[in-house]
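Written below as structure tokens is the structure these notes are about.
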Amino acid sequence: MNEVYYKTIRSITSILMFVEGVKDAAYGEIVEIKLEDGESLKGQVLDSRDGLAIVQVFGVTTGFSAETTKVRFTGQPAKLAVSVDMLGRVFDGTGNPRDGGPRIVSEKVREVNGNAINPCAREEPSEFIQTGISAIDGMNSLVRGQKLPIFSGSGMQHNKIAVQIARQAKLLNKNEKFAIVFCGMGIDSEEANFFKQEFEESGALDRTVMFINLSSEPTMERLLLPRLALTTAEYLAFEEGMHILVIMTDMTNYCEALREISSAREEVPGRRGYPGYMYTDLSTIYERTGKIIGKPGSITQIPILTMPADDITHPIPDLTGYITEGQVVLSRDLQRRGVYPNIDVLLSLSRLMNKGIGKDSTREDHRGLADELYAAYARGKDLRSLVAIVGEEALSKTDRAFLDFADRFESGFIGQGYDEDRTVVDTLSSGWELLSGVDIREIKRVREEFVKKYGKWKASS
Amino acid sequence: MEGSITRISGPVVTISGLKDPKMNDIIRVGDLKLLGEIIKIDGNNAIVQVYEDTTGVRVGEPAENTNMPLSVVLGPGIIGSIFDGTQRPLDKIKAQTGDFIARGVNVLPLDVKKEWAFKPAIEAGVDVKAGQIIGSVKETSLVDYKVMVPPGIHGKLTKVEEGKFTINDSVAKVKQEDGKTVDVMLAQIWPVRKSRPVLDKMPPEIPLITGQRIIDMFFPVAKGGTAAVPGPFGSGKTIIQHQLAKWSDADIIVYVGCGERGNEMTEILTTFPELKDPRSGKPLMERTVLIANTSNMPVAAREASIYTGVTIAEYYRDMGYDVALMADSTSRWAEALREISGRLEEMPGEEGHPSYLSKKISEFYERAGRARLLNGKIGSLTLIGAVSPPGGDISEPVSQSTLRATRVFWALDSSLANRRHFPAINWLNSYSLYEDALMKWFNEKVDKDWSKNRTKAMKLLQREAEINEVAQLVGYDALPEADKMVLDIAKSIREDILRQSALDDVDTYSSVKKQATMLSCVIDLYNAEESAVKNGIAVDKLQGAQAKELIAKFKFVEDGKVEAYTKTVEMAIKDIAKIKESGNNE
């Protein structure tokens, strides 16, 4: 262990410290900083030169002095001790417990940055996860090992939806080891309490690891937090064989932290001031998802982000959408009309849906039915804008049926209770039920045999 | 001589004390011997971009110059493999370091122990020049690997042997004019940043048949051409690239997954070996090379992956093959350039991209082409690059530079994608500059009416857009019947022809013959409806026509049954004329 303390600080900024006379600092190495009053903080080397190390401080540099502050180089990159004992516990952005419990003692210490999963070692995600939410199960199915973010906006119900998914998520016909890793970045204490309470009420708290960095806590720790959470998730999934659902909120806070640090480092800004490497940085979080051939566990990610001004082209949702396997988009319009969950099924997408549904997992008519519902809803919505111009009387009977379908689809299919856990069969049946309101001749996307088998049209029509 | 590290800043490392470092030399950095490349020389210092994560590397650690530029090993065994951005085989990395990619792994690109059966094509004693094919090796059931005289070498072939050889064995000897004898190995080594020489480039005249109707019919790309596919996320860029990799009639496919999703590469790895080439019936993997540098793999290696891919592609072109390279996505490559440029503290151009971005992009696409090769044969290299513009806005620098450098533009449209119209290629904004050159081929080889029908269909689609603008003001009912009929046919073109499902076993690939028939059926339908409307029949009356239903299901008709089906469709179209009477009677 290196016990040498350097007292050669040349300059200090709001988050950086320049330490002179350092011969061989390692890039990414963790340093310990001791203030005069005995307070101790951590930092990380982000640029190492002959005789100079630039250290990024985890926390604020208030009270730092070039004269009296001491720095020790630990020789180690950021690491985390991992263990199954972490289940049921709450940690902060440096990996220390924040629930008053003991520190985690384990021989298993992992580097938090992690290595990329070799594409050759990946197993294609294909197991359907039933979330009990029709808009997801029926139209944008989630599969195990997928990363499916929720694109929300401020004031929307994303937290409730995430909790409902966590509470209800299960595989069809299977009962396996399942755990939740929760990562709250820059959230306020009310949100933190909400999640904690909900997990507690549903009895999931014992199989949940929570990482929380409150909005009042250091920005640097916010960048470390998802890496701690995912290191834990990888351990539980790939070494302990558990199926892990990672919920991360709010990625927007994470990206703002990234921008803050980047501008403090005086880097060249990219779009809207976010650093040019934000795509790469986000990918090192989102890509830590999936399944590995020959290993029983899996990691499924549900990151939540709030789109600034509901703008889906903003760099945060934009770069996220380029990395994740689809997105669940929430609609302010539906929220206004009191629909919960306010999922905009037309803008949402699950890229891995087709792998997880069909005859062998959900039901043979799933794909065709989803397409049909999709098309019918899109048509109904288009008609709504037309009605605004020409009036409902100008519509043909067929069109009126579609208009009516869109309304019923929103209230009865998308809309459901916070505690309502629908099976996928119920979801599909309710889809057929709604479709029976439109002319059977308009059904073109489902195979005829399935229409006969599952359709709910009266025999006469 | 060894140098030592004096500065580390992310993937950029400064090394001093190297003896005579040259630009683009490959350096082994630090105790872990990480792979890096010199990208700048500044006095006694060499600035190196490292292709692996530099966490934990210390000032003072040694660095070693290999005195070689970043190169690829070109030999049998490439086809069917999956490499990372610097040609390290991912399956061998997995065997060495497990499920996660560890750092400092040193694996050889190709199997050096495997013996290949070499058959000479010429005999000793003849004069040979660079590029000439000496013989071949059966690399896969689909690919004959040709052993060529390396560029820059010519003279008398003094020895050539049949037998089993490893890639580093000499299969022939060439005595040059200067008296030196050079060994020709099974494999060659070539620096990735230098394009392989050809005699000259020829105009592209032959289409790359993709089996995708909107592409082949409306916006075809030539063998040796260049195409760009820009689109926002969720618009289906990757599916289009996958479809092209699966069904194009190229001999060799190089697929570069550059900074994209890990699960997508896995999907190719699991589906390609099972899919059959529609022409040969052999597994598609037997003509495919994958370069996978997923988004979370080191950013500098992402920059290299494009060059690794294109150099491999050029090499197979040199054997006389038609090669197609798909790069998904070139935006991620450009971002890697930007990140490195930022670390070098270069003056940024537009949106933080370096000012040489445009040059780099056009340099890359210039490596495409249909070429007369050094050995007199003809080969082609088609480059198709996906672009991921931020926010879907193609006014940004990477999209714009790419559009200037490419000749086909498939404009992906998020509104089409949101309506689940796939492929979401917008027919009004897309273009192909090969159109004129290729129409001749289609007219001669497929259907004499190809270009005529195509132009007619395109006009209908444009007319549809105009009519729709009017309809939004006055309402559909107020439109003249002739316009309603145009909308009706245009809808059929959009839904029955342009729309194509990548997931359906039959619809995923349409032969050109089937495409031509489908199009001519729709045009026939148009003619029939036009005359019906002229005779005073309302478009509403035509809705139930059986011909329409048949055309809608045409896409699901298997190739062997197209002819019989066409007859049924034509009969049904004739029936439209009969609607006249019953319509009048009502």
Side-chain angles (χ1 to χ4, degrees), chain A residues 23-29 46-50 77 111 113-125 145 238 267-271 276-277 279-280 283-284 287-288 290 292-293 295 313-315 318-319 321-323 325-327 346-347 349 352 354 371 374-375 378 389-390 394 444, chain B residues 6-10 14 53-61 82 90-91 93-94 97-103 232-234 257 259 261-263 265-267 269-270 292 294-297 299 329 332 335-336 338-339 342 345 348 351-352 388 390-393 418-420 472 475 477 503 552:
Chain A
K23 276 276 166 257
D24 60 348
Y27 177 73
E29 171 173 21
L46 63 91
D47 193 334
S48 171
R49 307 178 198 185
D50 195 7
E111 279 189 34
N113 276 332
N115 286 327
I117 300 178
N118 189 323
C120 276
R122 277 185 185 270
E123 185 179 324
E124 233 187 333
F238 302 129
E267 290 168 339
V268 180
R271 210 155 65 103
Y277 51 79
Y279 175 84
T280 308
S283 76
T284 59
E287 277 287 336
R288 291 172 82 171
I292 289 179
I293 298 169
K295 298 225 163 133
T313 67
H314 185 280
D318 189 50
L319 295 179
Y322 275 123
I323 305 166
E325 285 132 357
Q327 67 276 341
L346 298 188
L347 286 180
L349 168 75
L352 302 180
N354 292 318
D371 290 346
Y374 194 93
I389 305 170
V390 299
K444 289 173 187 157
Chain B
T6 54
R7 181 182 175 187
I8 309 136
S9 169
T14 309
D53 183 17
T54 52
T55 301
V57 174
R58 288 169 191 281
V59 169
E61 284 184 20
I82 172 164
L90 286 169
D91 51 343
I93 293 183
K94 187 188 161 201
T97 73
D99 299 329
F100 293 85
I101 300 175
R103 291 181 295 158
F233 65 83
R261 303 177 182 91
N263 278 333
M265 295 318 295
T266 310
E267 190 191 332
L269 277 177
T270 45
T294 59
S295 53
N296 56 339
M297 282 155 77
V299 70
S329 146
R332 305 301 164 220
E335 276 165 18
R338 175 168 70 182
E339 188 171 338
E345 293 166 4
E351 288 189 19
S388 318
D393 173 9
N418 287 342
R419 273 186 271 146
R420 300 296 196 262
Q472 276 183 346
D477 282 339
L503 303 170

Next on the checklist: Taking the basic N atoms (NZ, or NE/NH1/NH2) and the acidic carboxylate oxygens, is any pair closer than 4.0 Å for A:Asp50 and B:Arg7?
Outcome noted: no

Item to check | Contact class of B:Ser388 relative to chain A, heavy atoms under 4.5 angstrom | outcome: both

Checklist entry - Going by atom types only, do A:Glu267 and A:Tyr277 share a side-chain donor-acceptor pair under 3.5 Å? => result yes

Next on the checklist: What I want to find out is whether B:Glu267 reaches B:Arg261 closely enough, with some N-O distance under 4.0 Å, to be called a salt bridge.
Outcome noted: no

Checklist outcome for this item: Here the gap from A:Leu46 atom CG to A:Tyr27 atom OH, rounded to the nearest 0.5 Å, amounts to 7.0 Å

Item to check | Heavy-atom pair count under 4.5 Å with chain B, highest-scoring of A:Pro77, A:Ala121, A:Gly145 | outcome: A:Ala121

Checklist entry - What residue, out of A:Gly276, A:Gly28, A:Ala375, A:Pro119, has the most heavy-atom pairs lying under 4.5 Å from chain B? => result A:Pro119

Checklist outcome for this item: chain B shares the most heavy-atom pairs under 4.5 Å, among A:Asp318, A:Thr280, A:Leu319, A:Val268, with A:Asp318

Checklist entry - Given that the side chain runs from C-beta out, which part of B:Val299 has a heavy atom under 4.5 Å from chain A: side chain, backbone, both or neither? => result side chain

Item to check | Side chain, backbone, both or neither of A:Glu123 within contact of chain B (heavy atoms, under 4.5 Å) | outcome: backbone

Checklist entry - Does any heavy atom of chain B fall under 4.5 Å from the side chain of A:Ala25, the backbone, both, or neither of them? => result backbone

Item to check | Interatomic spacing from OG in B:Ser9 to CZ in A:Arg49 - rounded to 0.5 Å | outcome: 7.5 Å

Next on the checklist: Less than 4.5 Å to any heavy atom of chain A: does that hold for the side chain of B:Thr54, its backbone, both, or neither?
Outcome noted: both

Next on the checklist: Less than 4.5 Å to any heavy atom of chain A: does that hold for the side chain of B:Pro390, its backbone, both, or neither?
Outcome noted: both

Next on the checklist: With chain A as the partner, which of B:Leu90, B:Thr14, B:Thr6 has the greatest number of non-hydrogen pairs under 4.5 Å?
Outcome noted: B:Leu90

Item to check | Six-ring centre of A:Tyr322, B:Arg332 cation under 6.0 angstrom, axis tolerance 45° | outcome: yes

Next on the checklist: Looking at chain A, which one of B:Ile82, B:Asp393, B:Ile101, B:Leu503 has the largest number of heavy-atom pairs inside 4.5 Å, strictly under?
Outcome noted: B:Ile101

Next on the checklist: Between A:Glu124 and B:Asn263, do the side chains contain a donor N or O and an acceptor N or O under 3.5 Å apart?
Outcome noted: no

Checklist entry - Considering only heavy atoms, which portion of A:Pro315 lies under 4.5 Å from any heavy atom of chain B: side chain, backbone, both, or neither? => result neither

Checklist outcome for this item: Turns out that what part of A:Asn113 lies under 4.5 Å from chain B's heavy atoms comes down to side chain

Item to check | Residue pair A:Ile117 / B:Phe100: nearest heavy atoms and the distance that separates them | outcome: CG1-CE2, 3.4 Å

Next on the checklist: On a heavy-atom basis, which atom in B:Gly392 and which in B:Pro232 lie closest, and how many Å separate them?
Outcome noted: CA-CB, 3.7 Å

Item to check | Pair B:Asp99 + A:Arg122, salt bridge at N-O below 4.0 Å | outcome: no

Checklist entry - Based on non-hydrogen pairs under 4.5 Å, which of A:Leu349, A:Thr284, A:Ile323 is most in contact with chain B? => result A:Ile323

Checklist entry - Which distance, rounded to the nearest 0.5 Å, do you find between the CD of A:Glu111 and the CG of B:Asp53? => result 8.0 Å

Checklist outcome for this item: From the list B:Glu61, B:Arg103, B:Lys94, the residue making the most non-hydrogen contacts under 4.5 Å with chain A is B:Lys94

Checklist entry - Which atoms of B:Arg338 come close to chain A, meaning under 4.5 Å heavy atom to heavy atom: side chain ones, backbone ones, both, or neither? => result side chain

Checklist entry - Any idea which of A:Asn354, A:Asp24, A:Thr313, A:Ile292 has the most non-hydrogen atom pairs under 4.5 angstrom with chain B? => result A:Asp24

Checklist outcome for this item: Applying a strict 4.5 Å limit to non-hydrogen atoms, the region of A:Lys23 in contact with chain B is backbone

